[in-house]
Amino acid sequence: QVRLVESGGGLVQAGGSLSLSCATSGRTTSSYDMGWFRQVPGKERDFVAAISRNGGSTSYADSVKGRFTISRDGAKNTAYLQMNSLKPEDTAVYYCAAISGDYVADWPVEKAWEYDYWGQGTQVTVSS
């Protein structure tokens with residue numbers, strides 16, 4: 001079973017920055033497309049950003065373009081999300097996700113149901 005573990009969440013003032021990491025362990029025998037989603041109570045899990053398995057393509061939600069940057073560690077299935085100029089509306093539980101290497105994703109991959117593996121989530125709270 002592939003395991004994804006997020007870290008780096010916390011409390012930050014509006015305008016501040018935070019960096020999230022997603023470590024992958026388990027049966028990581030192939031490269032995965034990876035993404036970040038976020039969810040607030042009572043709402044659906046929304047797409048934030050994604051990066052292709054080779055790092056050549058990225059996709060961002062309109063709400064975070066210009067502020068967030070997704071990256072990955074070479075060929076490793078490790079993803080990062082650098083969040084700058086944070087706003088209170090960015091407050092949510094952030095989840096790392098990955099798509100199994102068994103299939104070729106139809107890029108961009110921005111729907112939660114397209115992902116096979118999920119982390120436990122890390123809380124990001126932006127105060128004002």
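Start at 1 with the first residue, then count along the sequence. Here the structure is a predicted model, which is why all the values come from computation and not from measurement.
Counting only residues at least two apart or in different chains, salt bridge (Lys or Arg N to Asp or Glu O under 4.0 Å) contacts with residues 31-43 comprise D33-R53, R38-D90. For residues 4-16, no pair satisfies salt bridge (Lys or Arg N to Asp or Glu O under 4.0 Å), with sequence neighbours left out. Within the structure, the ring-ring contact (aromatic ring centres under 6.0 Å, His included) test picks out the following pairs touching residues 35-62 (sequence neighbours left out): F37-F47, F37-Y115, F37-W118. Sequence neighbours left out, not one pair with a member in residues 99-128 passes disulfide bond (SG atoms under 2.5 Å apart). Legend: salt bridge (Lys or Arg N to Asp or Glu O under 4.0 Å) pairs involving residues 104-125, not counting sequence neighbours: none detected.
Every residue meeting the side chain to side chain contact (heavy atoms under 4.5 Å, CB included) condition with S57, not counting sequence neighbours, appears here in chain and number order: S52, W107. In this view, E89 and K87 satisfy the side chain to side chain contact (heavy atoms under 4.5 Å, CB included) rule, not counting sequence neighbours. Taking D62 as the reference, K65 meet the salt bridge (Lys or Arg N to Asp or Glu O under 4.0 Å) condition, with sequence neighbours excluded. Applying the side chain to side chain donor-acceptor pair (under 3.5 Å) test to E44 and every residue at least two apart in sequence or in another chain returns nothing. Residues meeting the side chain to side chain contact (heavy atoms under 4.5 Å, CB included) test with A14, sequence neighbours left out: P88, V126, S128. Take S7 and apply the side chain to side chain contact (heavy atoms under 4.5 Å, CB included) test, not counting sequence neighbours, and it matches S21.
When hydrophobic residues (I, L, V, M, F, W, Y) are linked wherever their side-chain heavy atoms come within less than 4.5 Å, W113 remains an isolated member.
Taken to the nearest 0.5 Å, the CZ atom of F68 stands 5.0 Å off from the CG atom of L86. Atoms CG and CG, on N84 and L18 in that order, are 10.0 Å from each other to the nearest 0.5 Å.
The side-chain tip of R72 does not point at the ring of Y80 from less than 6.0 angstrom away and within 45° of straight on.
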Show your working on side-chain contact (heavy atoms from CB on, under 4.5 Å) between C96 and M34 and close with a plain yes or no.
CA-CA 7 Å; C96 177; M34 302 187 72; 3.8 Å; yes
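With no hydrogens or angles considered, a side-chain donor-acceptor pair links S25 and R3 at under 3.5 Å.
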